Amino acid sequence: MTAKSGKWLRFRVVSILLFFLVLYVALVSRAFQLQVVSGETLGKLADRQHKASLTLYPERRFIFDRNGQKLAATIMADSVYVDPSNVEDRTKVSSNLSSILGVKRQKITGALSNQGSFRWIARQISPVRTERIRTLKLKGVHLVQEPRRFYPHRELACHLLGFAGLDSTGLDGLESKYDEYLKGVPKKVVWGRDARGRKIYLSDDSGSAVDDRSCSLFLTIDSKIQYIVESQLKKAIEDTGAKGGTVIVMDPGTGEVLAMANEPLFNPNEFSIYPADARRNRAVTDCFDPGSVFKPFVAAAALEEGLVTETDIFDCENGSYTVGNRVIHDAQNEKFQELNLPDIIKHSSNIGSVKIAEKLGKEKFYHYITMFGFGSKTGIDLPGESRGILRNSKDWTDVDFATIAFGQGVSVTAIQLVTAMSAIANDGVLMKPHVVRCMVDKKGSVVKEIEPVAVRRVISPETSHRITSILTDVVEEGTGGNARIVNLSVAGKTGTSQKFDFDLGRYSAKKVEASFIGFFPAEDPQMVILVMLDEPKIHRWGGAAAAPVFKEVSEQILRCFNNSMELREVAANENNEGVRIIQASTDRETIYHDTKVDESIIPDFEGMSMREVLKISQNRGIDIRIAGSGWAVSQNPAPGVRIEENLPCYVLFDQGV
Amino acid sequence: MLAANKKKEGLKLFRLIVIALMFMAITLVYVWFRISITKIDYQIAEEIHCRDGLLEENRKLKVEVATLKSPRRIESIARTKLGMRYPERDQVIFLK
């Protein structure tokens, strides 16, 4: 290598080095400018390109009945929107969407002619419609998922549950009352996307973490009882031609509402197509004159004050009693001479009830009816509760005082009435009614439990038992005969009240509210049931229209639940001690008529049908375990062994072919 | 002397080439890792989408079960299709 060529080589190397150095400095400068000087702005721009986010509507939590049956749930449903700036063939799009969605074509055309990039076409559509739209692949038409409130049992407990709107906000019923617990927190979802818009997972999705403290509700409602009540109420409305009606079932010991039904019903999945009148929870919002079902409270007050006893005789004025400028008559033109207190309730004498109230005096009478909760809200956890109409006793005229004594001139809600009767059934303690048992978070932990609340003692347990005894006679021998249930002691009272005709400005002679309120078993009340029918056309009296509904509802509840209710022995057996009759319903079953049977030992089951074995076991209190089908072929322990509490008896059945 | 210098320079060049190759290898491994991570991110995104779909389907099925358990529907089937009726009270026996 010559010196010249060496210099040339060095020059070239240095030039290249310098070139790369300049390039490197330029690169570093550009990087500095991009990363540091404009880093923040460009970072945001890049995020907008690479990241996409969506704020999801809060997911409403569930509503369950007391046994965990889902009454309200949230599912995802597709909603359709258009981007008018992207739509190519507006006529085609509007005609296709109109035929699939059933939306008027003009409405879609109007949306398409709008400026902007977003217009709703239809919200929360069915999966079938979603699929049809998806297959058309219309440019500018998009689908987005939204949570939709769904009520799987449709009309069941509709007035209690209420409904939620399109934006997941509770609008009525429990959905509205407990909205803040049910609605949850909006969730933000962030994901990455490439140049073609494909989704990429982002490990840093801190935006989606939210503190969700929403809760599901567990109600006191039993969906089986609710269904029984609703179906029986519907049948009663059809049978009597009534305009509407209400039934409430309550546990008197806790104030838990086990069922609450109104007619007409509505489907909360399509609440918007029903009139507001059908969606109203009449059991808590509507007032009515209670009529004769108010009389037990008058009697309870008088007994509690010790002003009357069961043997006191009242002159019932031969069915006509003048108070002020009004003449009071007994119902159905009955003409009673002298009646004692139980007979006044049993025969539902208006005049007798007025006489009892007169013994009490206005102030004491008013004091007791307010103590029973009339004239004030019960505090039930449902929206729209009315306090009823009860004027202060100072404003009562003599006629007002007299008519209130038999339940006219005072307005009460169904929930007030059933709560007050529950106080009589609950040894005189008034409980606060409630429909929510507890709230449960996402993990299933109980966040809040609603304990029964005793509001106050209204009457003593002794008075409560005395009134219960009188009310039992009402069902056994009085106006409530249609509510009688074989082998079960029922206490109750019928009521028929005239409705106030606002056009005429007086009580209507034709329009009535027929009601029955009662509880069972009378010895240890477990359920209080109120049945109220609005303007029945066929049977107009509470005893004829409402009492049979009470009986049907009670019998179906008894069929479905083992409430360990005390059953009385059949009256027909009273003269034959030791005789137990088991009615046969099939040819193979035997009628046992044996006075010598020792019921303390395990019998010989061999050859008996399963039904026979079960009946005998139930009667004798044998802990029976069965296997197979057909007729009993063997058993352990052997017949004759003494029955003991912890001694199960195994019986094997066989077809015996 | 010249031969020794040549050998020294050749060794230097060899080292340079080895370092450059190593640098290239590290860069390629890094790029390969990045591509793999991106591929996995696509897969995760797809799996998440799939999971969300399955969760939603599961939720819909649970709601469908609740709908099918509706007492109104069961009674209708029992009465119309199976010809059943409510039992009398004495026909109901509660087992312990």
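Both backbone and side-chain heavy atoms feed into the values below; hydrogens, waters and symmetry mates do not. These numbers were taken from a predicted model, which means no experiment stands behind them. Throughout, a chain's letter reflects where its sequence line sits, starting with A, and its residues are numbered from 1.
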Asker: Any side-chain donor-acceptor pair under 3.5 Å between B:Y86 and A:E555?
Answerer: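 Distance-only check fails for B:Y86 and A:E555.
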Asker: Using heavy-atom distances under 4.5 Å, tell me whether A:S617 contacts chain B through its side chain, its backbone, both, or neither.
Answerer: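 Nothing of A:S617, per the 4.5 Å heavy-atom cut-off to chain B.
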Asker: Which residues in residues 27-39 of chain B have any heavy atom closer than 4.5 Å to a heavy atom of chain A?
Answerer: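 From residues 27-39 of chain B, none sit under 4.5 Å of chain A.
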Asker: Rounded to the nearest 0.5 Å, what separation is found between the NZ atom of B:K62 and the CD1 atom of A:I75?
Answerer: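 Interatomic distance, B:K62 NZ to A:I75 CD1, rounded to 0.5 Å: 14.0 Å.
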Asker: Going through the distances and angles, do A:K70 and B:K69 end up as a side-chain contact (heavy atoms from CB on, under 4.5 Å)?
Answerer: CA-CA 10 Å; A:K70 257 182 212 135; B:K69 278 164 123 180; over 6 Å; no
Asker: Taking B:E47, B:E64, B:K60 one by one, which has the highest count of heavy-atom pairs under 4.5 Å against chain A?
Answerer: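 Among the listed options, the one with the most contacts to chain A is B:K60.
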Asker: Side chain, backbone, both or neither: which part of A:Q556 has a non-hydrogen atom closer than 4.5 Å to chain B?
Answerer: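 Contact with chain B: side chain only.
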Asker: Does B:P71 offer a backbone N or O that forms a donor-acceptor pair with the side chain of A:K224 under 3.5 Å?
Answerer: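 It does not hold such a pair.
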Asker: Give a yes or no on this: more than 12 heavy atoms of other residues, nucleotides or ligands lie within 6.0 Å of atom CD of B:E56.
Answerer: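 For B:E56, atom CD is crowded (more than 12 foreign heavy atoms under 6.0 Å).
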Asker: Return the minimal non-hydrogen interatomic distance between A:T74 and B:R59, and the atom names on each side.
Answerer: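 Closest approach of A:T74 to B:R59, heavy atoms only: O-CD, 3.4 Å.
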Asker: Please name the pair of heavy atoms, one in B:V63 and one in A:A73, separated by the smallest distance, quoted to 0.1 Å.
Answerer: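 Heavy atoms only, the tightest pair is CG2-CB, 3.7 Å.
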